[in-house]
Amino acid sequence: MTQALRLGIAGLGTVGVGVVKIVRRHADLLQARTGRAVEITAVSARDASKDRGVNLSDYAWETDPVALAKRDDIDVFVELMGGENGPAKASVEAALASGKDVVTANKALLAIHGQALAEQAEAAGRVIRFEAAVAGGIPVIKSLTEGLAGNDITRVMGVMNGTCNYILTRMQSQELGYNALFEECAQLGYLEADPNLDVGGIDAAHKLALLSSIAFGTRPNFDGIEIEGIQQISLDDIHQAADMGYRIKLLGVAQRTARGLEQRMQPCLVPSDSALGQLEGGTNMVVIEGDAVEQIVLRGPGAGEGPTASAVMGDVCDLARGLQIPTFGRPAASLQDAPAAQTGLPAPYYLRLGLLDKPGALAKVAAILGDAGVSIDRMRQYAHSESTAPVLIVTHKTTRATLDHALDGLRDTDVVAGEPVALRIEQV
Ligand code: NAP
Ligand code: HSE
């Protein structure tokens with residue numbers, strides 16, 4: 001009879017406890033599906049006395065996750081602690097060095113150290129699996145590496161941070177401002193320990209770096225992503241975008257161009273009636289375009305105990321079946337170093353500025369845009385409150401570089417108050 005696959009789990013928080021529950025609840029199902037038993041041998045977390053709501057008495061306890069990773073009685077090290085360095089990195093390296101396969105949900109670790117870890121894994125004849133690291137319960141890594149392996153992928157995009165989508169959709173539906181919703185997310189426990197990872201777009205950019213690598217055969221290049229968070233989005237932007245038939249989403253887009261790899265994670269306007277525009281709450285959506293498949297849309301829960309543990313267990317089952325796929329879908333040594341390209345493809349932009357109540361102010365704004373080569377498609381001025389009036393402009397297609405030039409002009413003029421807001425209108 002085939003031997004059981006023995007797991008060592010480091011991290012017994014939201015995801016780790018979810019994994020323990022599935023292994024216990026579905027022992028027979030897992031065996032039936034993979035042809036071998038899946039068992040937990042040992043676990044690790046910081047606080048051995050904490051009641052985690054699951055029975056851990058059958059498993060050995062290790063205080064040090066590195067010691068857990070090196071144990072002779074585990075086959076797979078499951079890293080569910082988080083963090084791009086520290087114990088997560090040390091224990092994954094130790095696991096690979098001692099001949100274990102690794103399953104992790106840690107996007108930060110892989111976005112920063114993925115290339116080195118993939119090389120280490122392949123040199124040791126081991127694999128790293130990370131389905132849970134991107135878009136929670138959605139099997140997007142599997143889709144890209146396996147189901148879509150016959151495609152030349154042309155674009156990957158999506159909403160990959162549930163917290164930001166929750167805030168943006170509640171701003172729309174509840175008429176609450178960003179600060180109130182940030183507080184609500186804190187109360188609900190939605191925010192990462194460092195909330196800037198969520199609202200600053202960094203967590204979603206980690207995920208985009210991983211998808212880009214698989215899609216385009218490039219080394220994960222987190223530093224090459226243009227990142228902008230949602231902190232500057234106001235209720236006015238939400239309303240005004242809606243008036244024009246758009247929703248604001250923190251959207252990640254990656255595409256390979258002749259100039260290099262374009263990767264951006266930033267708030268964008270998408271049509272209200274598009275699949276992305278209709279995405280509500282903490283749900284994630286990833287859109288993948290390939291030459292043969294055309295377009296597929298994957299939608300589902302991006303976080304939480306059950307969905308994330310579901311993704312971890314998908315990886316565990318593949319290892320139980322003996323499936324060996326290189327970390328980023330092809331040998332690490334063959335991944336290319338793609339130069340990062342600033343977004344070059346022209347798009348329409350939404351601009352919001354506070355116009356001072358001065359004669360000729362609107363004409364000055366129009367002239368600055370015209371002189372920079374930005375053509376106006378639509379423009380709307382709202383009533384003044386005190387000395388400024390919100391002005392909304394939708395441009396015709398322009399490049400980001402041209403728009404930046406115009407924005408410099410708007411900042412320098414004496415008729416615009418505060419920082420202009422500029423959001424790309426994405427064709428989806
Ligand atoms: P969490 O609830 O904060 O749990 C972290 C666990 O790691 C805790 O059990 C903690 O121990 C343990 N830990 C931290 N430092 C440790 C150390 N030095 N030694 C041993 N154990 C240590 O985190 P989580 O939400 O489960 O997330 C885990 C990973 O999954 C992260 O990489 C995260 O980004 C990723 N992820 C999470 C979600 C989600 O919905 N939560 C979704 C996708 C991906 P104590 O419990 O004793 O403090
Ligand atoms: N903070 C992340 C989110 C958790 O809100 O999507 C899942 O990665």
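Note that ligands are numbered from 1 as they come in the structure, with each ligand's atoms numbered from 1 the same way.
- Atoms of ligand 2 found under 4.0 Å from any heavy atom of G162, numbered from 1 in the order shown, are 3 (C), 5 (O), 6 (O).
- Below 4.0 Å from some heavy atom of D198 lie the following atoms of ligand 2, by number and element: 1 (N), 2 (C), 3 (C), 5 (O).
- The protein heavy atom nearest to atom 21 (N) of ligand 1 is A45 CA, 3.2 Å.
- Between F130 and F328, the ring center distance clears the sub-6.0 Å criterion.
- Inclusion of E192 in the set of residues having an N or O under 3.5 Å from an N or O of ligand 2 is warranted.
- Assignment of K107 to the shell around ligand 1 is supported, since a heavy atom sits closer than 4.0 Å.
- Taking only non-hydrogen atoms, the option from G86, G82, A309 nearest to atom 31 (C) of ligand 1 is G82.
- A salt bridge links D318 to R129: at least one charged side-chain nitrogen sits closer than 4.0 Å to a carboxylate oxygen.
- Counting atoms of ligand 2 from 1 in the listed order, those under 4.0 Å from a heavy atom of K207 are 2 (C), 6 (O), 7 (C), 8 (O).
- The shortest distance between side-chain heavy atoms of L261 and F216 falls below 4.5 Å.
- In A132, the part holding a heavy atom less than 4.0 Å from any atom of ligand 1 is the backbone.
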**OP:** Just do the side chain to side chain contact (heavy atoms under 4.5 Å, CB included) check on L423 and C268 with the steps written out, would you?
**Re:** CA-CA 5 Å; L423 302 174; C268 290; over 6 Å; no

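- Polar contact check, A303 against ligand 1: no nitrogen or oxygen pair lies under 3.5 Å apart.
- Only the side chain of D203 comes within 4.0 Å of ligand 2, judged by heavy-atom distances.
- For the ligand labelled ligand 1, residue A10 lies outside the 4.0 Å heavy-atom shell.
- Close to ligand 2: G302, with a non-hydrogen atom less than 4.0 angstrom away.
- Residues L351 and P420 fail the side-chain proximity criterion, which asks for heavy atoms closer than 4.5 Å.
- Put simply, the side chain of P348 does not reach to within 4.5 Å of the side chain of H396, judged on heavy atoms.
- No side-chain heavy atom of Y166 sits under 4.5 Å from any side-chain heavy atom of T283.
- Residues L181 and L168 form no side-chain contact, since every pair of their non-hydrogen atoms from C-beta on lies 4.5 Å or further apart.
- Between V15 and ligand 1, at least one N/O pair is under 3.5 Å apart.
- E131 is listed as a side-chain neighbour of K142, based on a closest heavy-atom distance under 4.5 Å.
- Remark: minimum distance from atom 5 (O) of ligand 2 to any protein heavy atom is reached at T163 OG1, 2.6 Å.
- At least one heavy atom of R52 lies less than 4.0 angstrom from ligand 1.
- Counting heavy atoms under 4.0 Å from ligand 1, residue P87 touches it through the side chain alone.
- Ranking the protein heavy atoms by distance from atom 4 (O) of ligand 1 puts G13 CA, 3.2 Å first.
- The contact set between ligand 2 and N161, taken as ligand atoms under 4.0 Å from a residue heavy atom, comprises 1 (N), 2 (C), 3 (C), 5 (O), 6 (O).
- Contacts between T308 and ligand 1 below 4.0 angstrom, taking non-hydrogen atoms only, involve the side chain exclusively.
- Distances from atom 9 (O) of ligand 1 to the heavy atoms of L12, T163, I9 show the closest one on L12.
- Among the atoms of D47, some N or O lies under 3.5 angstrom from an N or O of ligand 1.
- Using a 4.0 Å cutoff on heavy atoms, G136 does not count as a contact of ligand 1.
- Ligand-side atoms of ligand 1 in range of K50: 45 (P), 46 (O), 48 (O), range being under 4.0 angstrom from any heavy atom.
- Counting the atoms of ligand 1 from 1 in the order shown, those under 4.0 Å from a heavy atom of G11 are 6 (C), 7 (O), 9 (O), 12 (C).
- Of all atoms in ligand 2, listed by their number and element, those nearer than 4.0 Å to a heavy atom of K107 are 7 (C), 8 (O).
- A salt bridge is defined here as a Lys NZ or Arg NE, NH1 or NH2 lying under 4.0 Å from an Asp or Glu carboxylate O, and E84 with K89 fails to meet this definition.
- Among protein heavy atoms, the minimum distance from atom 13 (N) of ligand 1 is reached at M81 CG, 3.9 Å.
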Original post:
Going through the distances and angles, do T104 and V78 end up as a side chain to side chain contact (heavy atoms under 4.5 Å, CB included)?
Top reply: CA-CA 6 Å; T104 180; V78 185; over 6 Å; no

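- Remark: atom 23 (O) of ligand 1 lies closer than 4.0 Å to no protein heavy atom.
- The closest protein non-hydrogen atom to atom 17 (C) of ligand 1 is R46 CG, 3.7 Å.
- Taking the six-membered ring for Trp and the full ring otherwise, the centers of Y350 and Y246 sit at least 6.0 Å from each other.
- Under the ring pair (Phe, Tyr, Trp, His ring centres under 6.0 Å) criterion, F222 pairs with H206, sequence neighbours left out.
- When only interatomic distances are considered, the shortest N/O to N/O separation between G302 and ligand 1 does not fall below 3.5 Å.
- Rounding to the nearest 0.5 Å gives a distance of 4.5 Å between CD of Q263 and CD1 of I225.
- Ion pair E262/R264 flagged as a salt bridge, since at least one NZ, NE, NH1 or NH2 atom sits closer than 4.0 Å to an Asp/Glu carboxylate oxygen.
- Protein heavy atoms are found less than 4.0 angstrom from atom 40 (O) of ligand 1.
- The distance criterion of under 3.5 Å between nitrogen or oxygen atoms is not met by T63 with respect to ligand 1.
- Using a cut-off of 4.0 Å between Lys/Arg side-chain N and Asp/Glu carboxylate O, K100 and D75 are scored as not salt-bridged.
- Geometrically, ligand 2 and Y190 share no nitrogen or oxygen pair separated by less than 3.5 Å.
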Subject >> Steps toward salt bridge (charged side-chain N to carboxylate O under 4.0 Å, His left out) verdict (R155, E426) >> reply: CA-CA 13 Å; R155 182 164 71 155; E426 196 68 45; 3.7 Å; yes

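- When only interatomic distances are considered, the shortest N/O to N/O separation between A303 and ligand 2 does not fall below 3.5 Å.
- Residues L345 and Q255 have side chains in contact (heavy-atom distance under 4.5 Å, counting atoms from C-beta outward).
- Between the choices L80, V19, L109, the shortest heavy-atom distance to atom 28 (C) of ligand 1 belongs to L80.
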Subject >> Test side chain to side chain contact (heavy atoms under 4.5 Å, CB included) applied to I202 and M265, step by step >> reply: CA-CA 8 Å; I202 298 161; M265 181 58 67; over 6 Å; no

